[in-house]
Amino acid sequence: MTTKYQAIKGVKDILPGEIEKWQFMEKTAREVFELYGFSEIRIPIFEMTAVFTRSIGETTDIVEKEMYTFPDRSGDSLTLRPEGTASVVRAYVEHNLYNPPSVVKLYYMGPMFRCERPQAGRYRQFYQIGVEVFGTENPEIDAEVIGMLLKYFEKLGLKELELQINSLGCDECRPKFREALLEFLKNKINLLCEDCQKRFERNPLRIFDCKSVSCHDATKEAPTIEGYRCDNCKSHFNSTINFLDKLNIPYVKNPKLVRGLDYYTKTAFEIISKGLGSQNAIAGGGRYDKLVEEFGGPPTPAFGFAIGMDRTAQLIQPLAFSLQPSVFIVALGERANQKVFELINNLRQNEIRVERDYEGSSLKSQLRKANKFGVRYTIIIGDNELDKDKVILRDMSGSRQEEIDIETIVEIMTKKLRER
RNA sequence: GUGAGCGUAGCUCAACUGGUUAGAGCACUGGACUGUGGCUCCAGUGGUUGAGGGUUCAAGUCCCUUCGCUCACCCCA
């Protein structure tokens with residue numbers, strides 16, 4: 001008995017009919033991002049494990065339980081990238097892209113890997129388009145890049161999106177907030193769910209995210225980051241907001257928005273879509289002003305986001321993307337077949353998309369096939385035509401057909417297709 | 001890692017509380033129409049009911065095991 005193979009859990013094939021959406025997403029991204037001065041960077045699919053553990057954070061879920069990590073033959077620990085930012089920062093520092101000093105704008109696209117239980121809008125191999133800007137703390141960049149992202153979604157025809165934005169503070173003010181939060185929750189700890197009791201120790205900010213009713217109630221009166229931002233963070237956030245207003249971008253301030261990667265500072269945001277499953281964030285990002293330094297580069301503020309392509313694809317209306325052939329050629333019999341083989345080649349030399357039947361089916365069957373391909377013209381060649389050095393050219397929309405000299409058919413097809 | 005739901009033809013789904021040979025639509029092939037598509041009508045191909053075991057006179061249906069898919073929790077894009 002032969003084994004029937006299937007794709008491993010959480011990965012999928014993107015088939016013709018669906019792939020056109022993906023090509024559309026990629027093409028549009030290049031157009032929009034390049035308009036804003038971004039260049040593509042291709043980063044490897046895997047890295048030394050430490051690249052991710054250091055940047056994403058040792059105690060995050062991604063690092064603790066979701067990475068595909070394995071030793072290579074020399075014993076080094078490698079990891080399939082769970083996100084793109086860490087690699088881009090590594091490349092930025094490795095190639096001294098900060099020299100000469102100026103703002104560097106990069107984008108990337110490709111697969112990411114996280115070993116999670118698959119769910120609607122979540123896969124083990126999933127695809128992201130990401131953007132990173134290095135070298136400025138200016139809040140104009142925060143607003144400009146968010147604006148670019150929304151323009152991109154607009155070009156894809158997405159509607160009913162919501163921008164949620166927050167400022168997480170910096171290493172000046174976030175520790176103070178954390179203190180205050182711990183202080184507040186200290187005597188409510190037994191009201192929290194089991195998971196949140198763990199979070200209390202490790203990542204108390206995440207308790208805000210919890211959906212359990214008791215945790216929600218317990219944090220109702222809790223302090224939020226808003227009251228603890230330092231002057232610098234406060235003014236950065238206000239400026240960002242003001243620039244968003246200038247771009248007429250609507251947003252919802254969400255002081256409870258927390259992101260799952262440790263490197264974020266100041267601005268954090270997500271784009272939420274209605275009508276997805278419970279995994280409703282189609283893009284997320286923010287500022288990470290310390291990460292380049294942690295990778296051994298000079299102090300370099302940075303801002304970026306990542307788009308979830310799988311989720312975005314779900315929202316794109318199915319359009320008639322697919323490329324149809326213009327001409328179908330019917331050959332009847334072996335003699336005709338010989339002739340048709342050459343003719344098809346000639347047509348393709350002239351940039352005409354041609355399809356044919358490879359099975360030697362009946363005329364009726366081949367015409368049915370032509371109809372299914374949706375071609376405008378069908379060329380029919382059988383013994384009768386060969387004897388006269390003619391072909392039949394059939395216009396499929398009106399059922400009209402005429403005999404044409406076989407020598408002139410390529411020229412006539414070229415002309416007819418150009419007219420339309 | 002936890003919980004719930006679902007696995008029947010290539011696809012979408014039927015089959016009442018267990019009951020004869022597991023059906024229909026779409027798709028595919030052929031015919032009505034000797035070499036002329038779409039519409040219509042007729043016929044045909046296609047199944048180890050995910051797999052394995054058990055209960056029963058009898059299992060697609062009930063029980064157990066296992067694999068897979070889906071959704072949700074967790075978390076994230």
Should the pair [X]-[Y] be classified as a salt bridge under the 4.0 Å nitrogen-to-oxygen rule?
X: A:E31; Y: A:K27; result: yes
X: A:R335; Y: A:D387; result: yes
X: A:E179; Y: A:K176; result: no
X: A:E137; Y: A:K266; result: yes

A:I307 side chain near A:Y127 side chain, heavy-atom distance below 4.5 Å |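 Not in contact.
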Aromatic ring centroids of A:Y152 and A:F33 under 6.0 Å?
->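 Yes - the distance between ring centres of A:Y152 and A:F33 falls below the 6.0 Å cut-off.
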Would you measure the distance from the [atom1] atom in [N] across to the matching atom in [M] and give it in whole Å?
N: B:A51; M: B:C67; atom1: C1'; value: 7 Å
N: B:A14; M: B:U8; atom1: C1'; value: 10 Å
N: B:G23; M: B:C16; atom1: C1'; value: 15 Å
N: B:U12; M: B:U34; atom1: C1'; value: 38 Å
N: B:A58; M: B:U40; atom1: C1'; value: 44 Å
N: B:U49; M: B:A9; atom1: P; value: 10 Å
N: B:C11; M: B:G50; atom1: P; value: 13 Å
N: B:A4; M: B:G46; atom1: C1'; value: 35 Å

Heavy atoms within less than 4.0 Å of RNA chain B: which residues of [range] have one? Give them sorted by number.
range: residues 153-160 of chain A; answer: none
range: residues 120-131 of chain A; answer: A:A120, A:G121, A:R122, A:Y123, A:F126, A:Q128
range: residues 33-63 of chain A; answer: A:D61

Please, which pairs that meet side chain to side chain donor-acceptor pair (under 3.5 Å) have at least one residue in residues 336-345 of chain A, sequence neighbours excluded?
->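 Qualifying pairs, neighbours excluded: A:E334-A:Q338, A:N337-A:R356.
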Using side-chain contact (heavy atoms from CB on, under 4.5 Å) as the criterion, list what pairs up with [X], not counting sequence neighbours.
X: A:C173; result: A:C170, A:C230, A:C233
X: A:K364; result: A:S362, A:R368
X: A:K9; result: A:P118, A:R124

With A:E403, which of A:K390, A:R394, A:K388 fulfils salt bridge (Lys or Arg N to Asp or Glu O under 4.0 Å)?
->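 Of the listed residues A:K390, A:R394, A:K388, the salt bridge (Lys or Arg N to Asp or Glu O under 4.0 Å) partner of A:E403 is A:K388.
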Just say parallel, tilted or perpendicular for the rings of A:Y228 and A:F177, cut-offs at 30° and 60°.
->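 Rings of A:Y228 and A:F177: tilted, as their planes differ by 30° to 60°.
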Residues 77-92 of chain A side chain polar contacts: donor-acceptor under 3.5 Å, at least two apart:
from, atom 1, to, atom 2, distance (Å)
A:S77, OG, A:T49, OG1, 2.7
A:T79, OG1, A:T49, OG1, 2.8
A:T79, OG1, A:T69, OG1, 2.8
A:R81, NE, A:P111, O, 2.8
A:R81, NH1, A:I43, O, 3.2
A:R81, NH1, A:P44, O, 3.3
A:R81, NH2, A:P111, O, 3.0
A:E83, OE1, A:Y263, OH, 2.6
A:E83, OE2, A:A86, N, 2.9
A:T85, OG1, A:E132, OE2, 2.8
A:T85, OG1, A:Y263, OH, 3.4
A:S87, OG, A:E47, OE2, 3.0
A:R90, NE, A:E94, OE1, 3.0
A:R90, NH1, A:E47, OE1, 2.9
A:R90, NH1, A:E47, OE2, 2.4
A:R90, NH2, A:E94, OE1, 3.4

On RNA chain B, nearest-nucleotide positions of A:G10 versus A:D310: which is more 5'?
->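 Nearest-nucleotide comparison on RNA chain B picks A:G10.
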From [atom1] of [X] over to [atom2] of [N], roughly how many Å is that when rounded to an integer?
X: A:Y152; N: B:A77; atom1: OH; atom2: C1'; value: 13 Å
X: A:F373; N: B:A27; atom1: CZ; atom2: P; value: 16 Å
X: A:R117; N: B:G1; atom1: CZ; atom2: C1'; value: 8 Å
X: A:Q6; N: B:A51; atom1: CD; atom2: P; value: 14 Å
X: A:R114; N: B:G1; atom1: CZ; atom2: P; value: 19 Å
X: A:E359; N: B:C28; atom1: CD; atom2: P; value: 14 Å
X: A:N280; N: B:C74; atom1: CG; atom2: P; value: 12 Å

What contact category does [X] fall into here, base, sugar-phosphate, or nothing, at under 4.0 angstrom with non-hydrogen atoms?
X: A:A370; answer: nothing
X: A:E116; answer: base
X: A:E270; answer: nothing

Starting at CG of A:L97, measure out to OG of A:S39 and round the result to the nearest 0.5 Å.
->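 Separation between the atoms: 10.5 Å.
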For a side chain to side chain donor-acceptor pair (under 3.5 Å) with A:N254, tell me which candidate from A:E162, A:E270, A:Q164 qualifies.
->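 When side chain to side chain donor-acceptor pair (under 3.5 Å) is applied between A:N254 and each of A:E162, A:E270, A:Q164, only A:Q164 qualifies.
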Taking only residues two or more places apart in sequence or in another chain, which ones pass ring pair (Phe, Tyr, Trp, His ring centres under 6.0 Å) with A:Y108?
->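 So A:Y108 forms no ring pair (Phe, Tyr, Trp, His ring centres under 6.0 Å) with any residue.
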Side chain to side chain donor-acceptor pair (under 3.5 Å) involving A:E154 - partner list, sequence neighbours excluded =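 Checked A:E154 against side chain to side chain donor-acceptor pair (under 3.5 Å); zero matches.
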Quiz item: cation-pi between A:R229 and A:F237, 6.0 Å / 45° =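 Checked: cation-pi criterion met.
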What one-letter contact string describes nucleotides 30-45 of chain B from 5' to 3', where B marks a base within less than 4.0 Å of any protein heavy atom, S marks contact via sugar-phosphate atoms alone, and - marks no contact?
-> S--B-BBBB-------
Tell me the stems RNA chain B sits in, counting at least three consecutive Watson-Crick or G-U wobble pairs, each under 3.5 Å on both distances.
->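 Looking at RNA chain B, the stems formed by three or more consecutive pairs are B:1-7 with B:67-73, B:10-13 with B:23-26, B:28-32 with B:40-44, B:50-54 with B:62-66.
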Report yes if at least one side-chain N or O of A:Q119 is closer than 4.0 Å to OP1 or OP2 of B:C73; otherwise report no.
->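 Checking A:Q119 against B:C73: at least one side-chain N or O falls below 4.0 Å of OP1 or OP2.
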